[in-house]
Student: 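Sharing a structure, written as structure tokens. Questions coming.
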Amino acid sequence: MNLSIALVDDEMIERKAMRKIIEDHFGKTIVCGEAANGRQAIQLADEKRPNIMLMDIKMPGIDGLEAIERIKEKHPDIKFIMISAYDSFDYAKQAMKKGVKEYILKPATKEETIQAILNVYREIAEEQMNQERKKYAAEIAKKHFLQQIMD
């Protein structure tokens, strides 16, 4: 499975720091794009279809939570890791209701960032494996059904 990650934060320095951490650990081709606000994040999701989006909560215009909601409507398979400077249970609770898989507080350590991405990656891989199993089981059932008809 090819992993692609999009970075969304209104602070360019934060995006660059995240990009460096991710590229140093996973390789240069893993980050498929960056966005500085929610509107750009929605457009980036439409164009690049990343597996994972690291999303800031507070951004001008469309904030991270609203962007996630809009992206999920069109791309329910994209997973989100919320990145926030706000250590508020309310924000975390809202994020989890939107389907956010991990919540990282800024400034995030390299280890926290990598572990969050690995956790979400494992979930994506497991979902894909389950889909493949279902597809295989359906094919076997179809063959078995056709064999019974022929017999």
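Nothing fancy with the numbering, it's 1 onward along the sequence.
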Student: Looking at side-chain heavy atoms only, is the closest gap between Ile42 and Lys74 below 4.5 Å?
Tutor: no

Student: Using the side chain to side chain contact (heavy atoms under 4.5 Å, CB included) rule, take Ile57 and Tyr103 through it: C-alpha gap first, then chi angles, then the decisive distance, then the call.
Tutor: CA-CA 10 Å; Ile57 285 184; Tyr103 193 95; 3.5 Å; yes

Student: Can you check whether Asn51 reaches Ser4 side chain to side chain, under 4.5 Å on heavy atoms?
Tutor: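 Counting from C-beta outward, Asn51 and Ser4 do come under 4.5 Å.
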
Student: Counting C-beta onward and ignoring hydrogens, is there a side-chain heavy-atom pair between Glu127 and Lys79 closer than 4.5 Å?
Tutor: yes

Student: Count the heavy atoms of every other residue, nucleotide or ligand shown that sit under 6.0 Å from CD1 of Ile149, and state whether that count exceeds 12.
Tutor: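 Atom CD1 in Ile149 is packed in, count exceeds 12.
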
Student: Does Arg39, at its CZ atom, have more than 12 non-hydrogen atoms belonging to other residues, nucleotides or ligands within less than 6.0 Å?
Tutor: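 Counting other residues, nucleotides and ligands, CZ of Arg39 stays at 12 neighbours or fewer.
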
Student: Not counting sequence neighbours, which residues clear salt bridge (Lys or Arg N to Asp or Glu O under 4.0 Å) with Asp63? List them please.
Tutor: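 None.
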
Student: Could you go through Leu54 and Ile81, starting from their C-alpha distance and side-chain angles, then the distance that decides it, and tell me whether this counts as side chain to side chain contact (heavy atoms under 4.5 Å, CB included)?
Tutor: CA-CA 5 Å; Leu54 277 74; Ile81 298 173; 4.2 Å; yes

Student: Just jot down the side chain to side chain donor-acceptor pair (under 3.5 Å) partners of Glu102, sequence neighbours excluded, or say none.
Tutor: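 Glu102: side chain to side chain donor-acceptor pair (under 3.5 Å) contacts with Asn119.
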
Student: When you check the gap from the basic side-chain N to the acidic O, do Arg122 and Glu126 get nearer than 4.0 Å?
Tutor: no

Student: What's the spacing between Ile140 CD1 and Lys135 NZ if we round to 0.5 Å?
Tutor: 13.0 Å

Student: Could you tell me if the side chain of Lys16 sits less than 4.5 Å from the side chain of Glu34, heavy atoms only?
Tutor: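 With C-beta onward as the side chain, the pair touches.
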
Student: Do the side chains of Ile117 and His25 get nearer than 4.5 Å, heavy atoms only?
Tutor: no

Student: Walk me through whether Ile71 and Met55 qualify under side chain to side chain contact (heavy atoms under 4.5 Å, CB included).
Tutor: CA-CA 12 Å; Ile71 292 167; Met55 180 85 67; 4.1 Å; yes

Student: Mind checking whether Arg49 and His75 have side chains closer than 4.5 Å, heavy atoms only?
Tutor: yes

Student: Are Ile83 and Lys106 side-chain neighbours, meaning at least one heavy-atom pair lies under 4.5 Å?
Tutor: yes

